Amino acid sequence: MSEAAHHKPGLIPLRLLPLALLLSACDNSAAPAPGPAELAQPAAAPPVKDASVPGPIDLEPAPAPAGTTEIVATETIVVQGQPACLFTVRYPGAGDREVSWNGDECGAVKGAIVTPDLLAAGGQLADLSPAARRDMERMRSGVFVVEGEFSASAYPLNVADRIYEVPYAD
């Protein structure tokens, strides 16, 4: 026989008794206790993201928490007669490093600090060498990235605390 055949109106099914006891122990006098019908409702499943399609990285600047990598200055300069954006990036424990993005003024490029998890979720780490991927994943304080009109690069520190360019989009 099914559980519904044994269930009498107004009684809580035995399988829901522990949950009903737990809820009755809470002081929730402002709202009525959920009935058996509400307790039996399944929760909606969160939407599933298609992991096979890399998505864009959100490069909107946000204030840097203490102990994270941060962009401390930007300046448009000229390198060999061409505009370039000079970024000064502060890595915790390693000091300030300068990164020059040649060919574009600062207003034409976007620089940001992103987490290695965000880069991995966006698919940007998939085609990197094992050494570059390890350096990126090691940058828990954030990785500096620059996106220009036609390409993008990340600038992690290697194990010797030297900054280097890792192109990830062309």
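Note that the structure is a prediction, hence the values are computed from the model and not measured. Only heavy atoms go into these numbers, but all of them, side chains included; no hydrogens, no water, no symmetry mates.
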- prompt: Can you name the closest pair of heavy atoms from A84 and V79 and give their distance?
  reply: CB-CG2, 3.8 Å
- prompt: Between T88 and R97, is a side chain to side chain contact (heavy atoms under 4.5 Å, CB included) present by the stated rule, with each step listed?
  reply: CA-CA 6 Å; T88 304; R97 300 290 197 271; over 6 Å; no
statement: To the nearest 0.5 Å, atom CG of N102 lies from atom CD of Q80 at 7.5 Å
Polar side-chain atom of R133 near backbone of L128 as donor-acceptor pair, under 3.5 Å: yes
task: Taking atom types as modelled, find out whether D135 and Y164 have a side-chain donor-acceptor pair closer than 3.5 angstrom.
output: yes
task: For residues M139 and Y91, determine if any side-chain heavy atom of one lies less than 4.5 Å from a side-chain heavy atom of the other.
output: yes
field: Flag side-chain contact, heavy atom, 4.5 Å: L125 against E137
entry: yes
message: Using 0.5 Å steps for rounding, measure from the CH2 atom of W101 to the CD atom of E165.
response: 6.0 Å
message: Could you measure the distance from the OG atom of S153 to the CD atom of Q124? Nearest 0.5 Å is fine.
response: 11.5 Å
field: Connected via hydrophobic side-chain network under 4.5 Å: L86 and V109
entry: no
message: Donor-acceptor pair, distance only, cut-off 3.5 Å: does the side chain of T76 make one with the backbone of C106?
response: yes
message: Is the shortest side-chain heavy-atom distance between R140 and P116 below 4.5 Å?
response: yes
task: Examine the side chains of D117 and T115 and answer whether a donor and an acceptor come within less than 3.5 Å of each other.
output: no
Any side-chain heavy-atom pair of R138 and V159 under 4.5 Å: yes
message: Can you confirm whether Y155 sits close enough to V146 that some side-chain heavy atom of one is under 4.5 Å from a side-chain heavy atom of the other?
response: yes
Any donor-acceptor N or O pair under 3.5 Å, side chains S141, T69: yes
Under 3.5 Å: donor-acceptor pair, side chain of N158, backbone of R162: yes
query: Is there a side chain to side chain contact (heavy atoms under 4.5 Å, CB included) between V89 and V72 once you walk through the steps?
result: CA-CA 6 Å; V89 181; V72 294; over 6 Å; no
- request: For D161, look at atom CG and say whether over 12 heavy atoms of other residues, nucleotides or ligands are found less than 6.0 Å away.
  value: yes
Nearest non-hydrogen partners of P83 and E105, listed with the distance: CB-CG, 3.6 Å
- prompt: With side chains defined as the heavy atoms from C-beta onward, is the minimum distance between Y168 and E147 less than 4.5 Å?
  reply: yes
field: Atom of A154, atom of V145 and distance for their closest heavy-atom approach
entry: CB-CG1, 3.7 Å
- line: Looking only at heavy atoms, the pair that brings A94 and L157 closest together is CB-CD1, 3.6 Å
